[in-house]
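Contents: one structure, followed by commentary.
Quick note: numbers below take in every heavy atom, side chains included, and nothing from hydrogens, waters or symmetry partners. Note on naming: letters A, B, ... go to the chains in the order of the sequence lines (proteins, then strands), and numbering restarts at 1 for each one.
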Amino acid sequence: MTETTDSRTRVERYDPTVVEPRWQARWAELGMHDTDLHDTSRPKYYLLTMYPYPSGDLHIGHWYIVTPSDALARFRRMHGFNVFFPIGFDAFGLPAENAAIKSGGHPFTWTMANIENMRRQFRTMGATFSWQHEVVTADPSYYRWNQWLFLRFMEMGLAYRQRSAVDWCPNDGTLAREQVVGPDRRCWRCGELVEKRDLDQWYLKTTAYADELLSFEGIDWPEPIKVQQTNWIGRSEGAEIGFETAPSDHHPGGETIRVFTTRPDTLFGATFMVLAPEHQLVDVLTAPDRRAEVDAYVDQARRRTEIDRLSTEREKTGVAIGADAINPVNGERIPVFVADYVLAGYGTGAIMAVPAHDERDFAFATQFGLPIRRVVAAPGTGADDDMTDAYVAHTEGERLVNSGRFDGMPADEGGRAIVEWLAGQGKAEPKVTYRLRDWLISRQRYWGTPIPVIYCERDGIVPVPYEDLPVRLPETVDYRGRGDNPLQGDDAFLTVACPICGEPARRETDTMDTFVDSSWYWYRYLSPDFDDGPVDRAMTDVWTPVDQYTGGAEHAVMHLLYSRFWTKAMRDAGLIGEDEPFKRLFNQGQILGADGERMSKSRGNVEDPDQLVRRYGADTVRLFLMFMGPWDQGGPWSPTGIGGIHRFLNRVWALALDPHGREHGDADAGRLPTGESQADAAATIRAAAHRTLRDVTEDYEGFRFNTMIAKLMELSNTMYRYRGTPLAGDTEWDEAIRLLLLMLAPAAPHITEELWSRRAETAGQPWTSIHGESWPEVDTAAIAVSVREVPVQVNGKLRDKITVPADATDDQLNAAALASPKVAAILAGRSPERVVVAGGGKLINVVIRDA
RNA sequence: GCCGAAGUGGCGGAACGGCAUACGCGGCGGUCUCAAACACCGCUCCACGCAAGUGGUUGAGGGUUCGAAUCCCUCCUUCGGCACCA
């Protein structure tokens, strides 16, 4: 006994610090992950994970995002796919610029140093990235094609210039939303009050694809994401209606205020109008005696955030501008207000207010003592009953009232009739609007793709000729301690000869939103060095769309919608053949800091995995992150429990290398469970292994990594019970070990590779990588059972469990349940009202009336 | 505020109308050890009970159903997004 008791001294211990670097080096040496994109002998599988922003260090969140994707890549390879799993860096953006302003360095230097560091850190994960296809968006070889595509979109009429407001600091220029701080909205750097400034900016016409973007046909995306995108696009059918302004002392009238409404049936109930503070007619229509108050209100409104303005909770504010409009259906003069709950960017920036049938209008009318006139009445409601709330519901049988000759018509039909009638007079037309706005891509910043446009006094807006691309960012940069765009002061960049007339002209200094970079990067991965265009059609035709995209749910609308837009625009430019970029999407959750907040350097809650990797190894960290919970959930970071994963791997190590070992502390060590023959035990092991294989396969496919690992733990626990028994090491045991290693290989690639190679060595076979093995097949015969246990409930409460033949009929189950002594005792001679044999015999419920 | 998601033991979580709490952490007890650590074995939702057992429990309240953590309604809390963070 003594020589078998302490196995730990006999068998080499699991030491990831030795095992992991060895295999990482070996894999790199063999080029195991260099995908041959021209290999057509196997089906292709394009697995894409959202590329990271090079913030400096890989934190635990990057591991959380990447390692399950890597497990999936390995899982698919074992299924015979030629897997392309690329990586790159989303290298433009605000943080690099902030760092440069702070340190006086160059955003390029900071970014590239970070990328180099992150590349190194990525390799410690054991991730199987195709590094030779890497893309760095801040490299001219990438952003040149942003410019090229922009010019193409310009030609297609998808890019245009329009004046719009930005948050502006007199010292630091345009501010991002996160740079505006505090309730009184001040600049984060200098503390100055933030203003609005109107600038001419570049837009992409996303709304041109609004209807197509509403269709998710042919793609398998999570329902909540589709719902969010649908709501974001926000298609509304209705009508645009013209209200003429009435003549007054200060104004001759006759201007048309165009409004959009989804409820033309309520037109007779319009008792006032509201213009957005930014509306062009505010200035024109305001009466002289109202001027001061209106100007003050407009100023104040422009300083508010949109979220604030749209809040239905905040008390409604607004100012009458001292002008009236004429309701086209009844000729009534109704007052015009300016109020911040109407937004310039939606519809026409003006509304007809129907307080009786719109909650916000109701609140406003109540606040300002304006008339509320019911024009839609539910059955049983009088036309002039007092209203305590807006009536917005749609019910059967509601009729128009107080609506002239439309009285008595059903609301829907009445609405159509009113629009038709006004349309005949040229005062209305049916119209569809979207909440979706065109994409403002102009950024008044240095660290982004320069927009390739030149302004010439004679020729106007002139696109940079394709052959002059890329328009490069100047290599020196001078922020002069301020946060505004240094390109503005760079004469060498600014001054350029007009491509048409050759006269001195001025370059655009705005750069592109970084969402432009991320809207098509996966196409470039396929041919990062391709010189004849942004994408190599020969590659995209084979490899795209992406089979599986994984990334954070925080990108549900913006990035994922822009990418769909960009794909459709590239398709219409003849560059690619498909309609959608990502066939299947999975949104994983976000790892938060220990404080429950988003991880960021400024909060100081960034978790560094390096220490954990040094202590436990990459495999343990990978498994721990997958085991924490469902991948789509995320949550606050805590390393509590990582020891359990490490113990699990140690047990796998012991099972594989030391099947005959026994541990102190187990009185039954080395003995089969009482009453179990060796043949029984062998069958148990086989059944457990194959049942686990069946479940684990499904879990990988459904991204349920946490339960996948739990099931592998169960299998290893079962096997541990048989360790040291005569069973250990025989055929069934060996098969179970083999399956355990294969199932674990995608998730814990290093330890399984090590154990696999040692098995081969012991068996005297040549080395082959476990990651080149095929995924094993389930032997359903091994799982088959002859008897099973069925829970028996009485009135929904568990009272007994009975053992029945696996193929028992419902009648047999019924009889067996009633034969149970415990059930009989509760029945006490009464007969049950009914007996439910549920779920194909999974459970029996005996129902008694007054139990 | 609006849109989307989530609330289950001391903690992370499992259970896709059918045995609530799998798996792991932590805790308690034990084996080994001079001792500790490691490793291993057992117990561990709450209440009452020596026990067999009985009752309760999935954020709160209501509903549908033979049966609800799961479906429906109302509410509360937390997280993501709201167009210049990426």
Side-chain angles (χ1 to χ4, degrees), chain A residues 5-8 50 52-53 55 90 92-95 98 166-167 174-180 222-225 227-232 234 305-314 345 435-445 513-515 518 552-559 561-562 587 589-590 592 596 598 600 624 627-630 632-636 638 640-645 647-648 650-651 654 662-669 704 706-707 709-714 717 720 789-793 795-798 801 833-836 838-839 842-847:
Chain A
T5 44
D6 196 354
S7 62
R8 297 185 300 277
M50 288 180 188
Y53 180 78
S55 51
D90 188 12
F92 274 136
L94 200 52
N98 292 339
V166 296
D167 285 323
T174 305
L175 299 180
R177 205 173 73 168
E178 65 167 15
Q179 296 177 319
V180 178
E223 206 54 43
I225 304 294
V227 170
Q228 278 184 84
Q229 291 207 351
T230 301
N231 292 341
W232 182 263
T305 66
E306 208 166 287
I307 291 171
D308 189 24
R309 284 173 59 170
L310 283 174
S311 170
T312 50
E313 201 145 84
R314 193 167 60 93
R435 207 185 72 93
L436 179 72
R437 307 202 282 255
D438 282 337
W439 177 10
L440 171 64
I441 61 160
S442 277
R443 297 290 181 270
Q444 291 77 48
R445 306 195 185 284
D513 182 3
T514 55
F515 275 125
S518 56
E554 69 273 21
H555 292 297
V557 275
M558 305 188 64
H559 162 60
L561 197 63
Y562 292 145
N587 283 120
Q590 217 172 7
L592 307 171
R598 244 185 70 175
S600 74
F624 179 61
F627 184 65
M628 272 175 46
D632 56 3
Q633 203 168 285
S638 161
T640 307
I642 193 168
I645 294 288
R647 269 194 284 281
F648 164 61
N650 272 306
R651 287 155 73 92
R662 295 174 196 174
E663 311 287 339
H664 276 295
D666 184 0
D668 295 325
R704 293 182 295 271
N706 56 329
T707 54
I709 291 164
K711 282 159 195 163
L712 291 178
M713 286 174 167
E714 280 185 77
N717 289 345
Y720 226 76
E789 209 173 49
V790 180
V792 181
Q793 300 179 332
N795 285 349
K797 256 187 204 314
L798 181 69
K801 289 180 185 186
E833 185 179 297
R834 61 188 280 210
V835 178
V836 181
K842 256 198 295 187
L843 173 142
I844 303 163
N845 189 14
V846 179
V847 184

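When the P atom of C32(B) is taken as reference, atom CZ of Arg662(A) falls 17 Å away, rounded to whole Å. Protein atom CE of Met558(A) is 8 Å distant from nucleotide atom P of C85(B), rounded to whole Å. Nucleotide A39(B) holds its P atom 8 Å from the CG atom of Asn650(A), rounded to whole Å. Asp167(A) has its CG atom 10 Å from the P atom of C85(B), to the nearest Å. If you measure from atom CE of Met628(A) to atom C1' of C11(B), you get 12 Å, rounded to the nearest angstrom. The distance between atom CG of Asp513(A) and atom P of C85(B), rounded to the nearest whole Å, is 9 Å. Rounded to a whole Å, the CG atom of Leu592(A) is 7 Å from the C1' atom of C79(B). What separates CZ of Arg704(A) from C1' of C16(B) is a distance of 9 Å, to the nearest Å.
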- [ ] Just do the side chain to side chain contact (heavy atoms under 4.5 Å, CB included) check on Asp167(A) and Thr174(A) with the steps written out, would you?
- [x] CA-CA 6 Å; Asp167(A) 285 323; Thr174(A) 305; 5.9 Å; no
TODO: List the steps, then state whether side chain to side chain contact (heavy atoms under 4.5 Å, CB included) holds for Leu440(A) with Asp513(A).
DONE: CA-CA 8 Å; Leu440(A) 171 64; Asp513(A) 182 3; over 6 Å; no
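Nucleotides C85(B) and G81(B), compared at atom P, are 11 Å apart to the nearest Å. For the P atoms, the distance from U74(B) to C66(B) is 24 Å, rounded to whole Å. To the nearest whole angstrom, the two C1' atoms, one in C71(B) and one in G24(B), are 31 Å apart. Spacing between A14(B) and G49(B) at atom C1', rounded to whole Å, works out to 30 Å. The same atom, P, is picked in A37(B) and in G17(B); the two are 46 Å apart, to the nearest Å. The gap from the C1' atom of C84(B) to that of C79(B) amounts to 23 Å, rounded to the nearest Å. Distance noted for atom C1' between C38(B) and C76(B): 47 Å (whole Å). Across U54(B) and G1(B), the matching P atoms stand 47 Å from one another, rounded to whole Å.
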Open item on the list: Walk along nucleotides 18-26 of chain B from 5' to 3' and tag each nucleotide B, S or - by protein heavy-atom contact under 4.0 Å, base first, then sugar-phosphate.
Closed with: BB--BBSSS
TODO: Would you give a per-nucleotide map of nucleotides 2-9 of chain B, 5' to 3', where B means the base has a protein non-hydrogen atom under 4.0 Å away, S means only the sugar-phosphate does, and - means neither?
DONE: -SSS----
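Note on Val166(A): a base of the nucleic acid sits closer than 4.0 angstrom, heavy atoms only. His559(A) comes within 4.0 angstrom of nothing in the nucleic acid, heavy atoms only. Contacts of Phe648(A) with the nucleic acid, taken as non-hydrogen atoms under 4.0 Å apart, are absent. Contact annotation for Ser442(A): base contact, defined as any heavy-atom pair under 4.0 Å involving a base atom. Across all strands, Leu94(A) comes closer than 4.0 Å only to sugar-phosphate atoms, never to a base (heavy-atom distances).
Of the two residues contacting RNA chain B, namely Tyr720(A) and Glu306(A), the nearest-nucleotide position lying further toward the 5' end is that of Tyr720(A).
Minimum interatomic distance between Leu175(A) and Arg445(A) (heavy atoms only, all atoms of both residues): C-NH2, 3.9 Å. Contact detail for Asn706(A) and Pro630(A): the closest heavy-atom pair is ND2-N, 3.5 Å. Closest approach of Thr640(A) and Phe624(A) over heavy atoms only: O-CZ, 3.5 Å.
In this entry C23(B) has G12(B) as its Watson-Crick or G-U wobble partner, both defining distances falling under 3.5 Å. The nucleotide U74(B) finds its pairing partner in A60(B), both defining distances of the Watson-Crick or G-U wobble pair being shorter than 3.5 Å. For A39(B), the paired base is U31(B) (Watson-Crick or G-U wobble, both distances below 3.5 Å). Nucleotide G53(B): paired with C48(B) (Watson-Crick or G-U wobble, both distances less than 3.5 Å). With a cut-off of 3.5 Å on both Watson-Crick or G-U wobble distances, the partner of A86(B) is given as none.
How far CE of Met713(A) is from CD1 of Ile645(A): 3.5 Å, rounded to the nearest 0.5 Å. In this structure, CG on Asp90(A) lies 8.5 Å from NE2 on His559(A), to the nearest 0.5 angstrom. One distance of note links CG of Leu561(A) with CD of Gln228(A); it measures 11.0 Å at 0.5 Å rounding.
The base of C32(B) does not come close enough to the side chain of Glu663(A) for any donor and acceptor atom to sit less than 3.5 Å apart. Taking only distance into account, the side chain of Arg445(A) meets the base of C84(B) through a donor-acceptor pair shorter than 3.5 Å.
Proximity note for Pro630(A) (side chain, C-beta onward) versus C85(B), A14(B), A86(B): the nearest is A14(B).
Asn587(A) places a side-chain N or O within donor-acceptor distance of the main-chain N or O of Gly552(A), the cut-off being under 3.5 Å.
With 3.5 Å as the limit, one finds no donor-acceptor pair spanning the side chains of Arg435(A) and Asn231(A).
Regarding the sugar-base torsion, G55(B) falls in the anti class, its angle being beyond 90° of 0.
Ring geometry, Tyr562(A) versus Phe515(A): the interplanar angle falls from 30° to 60°, so the pair is classed tilted.
Within the 4.5 Å cutoff, no side-chain heavy atoms of Thr514(A) are placed close to those of Tyr53(A).
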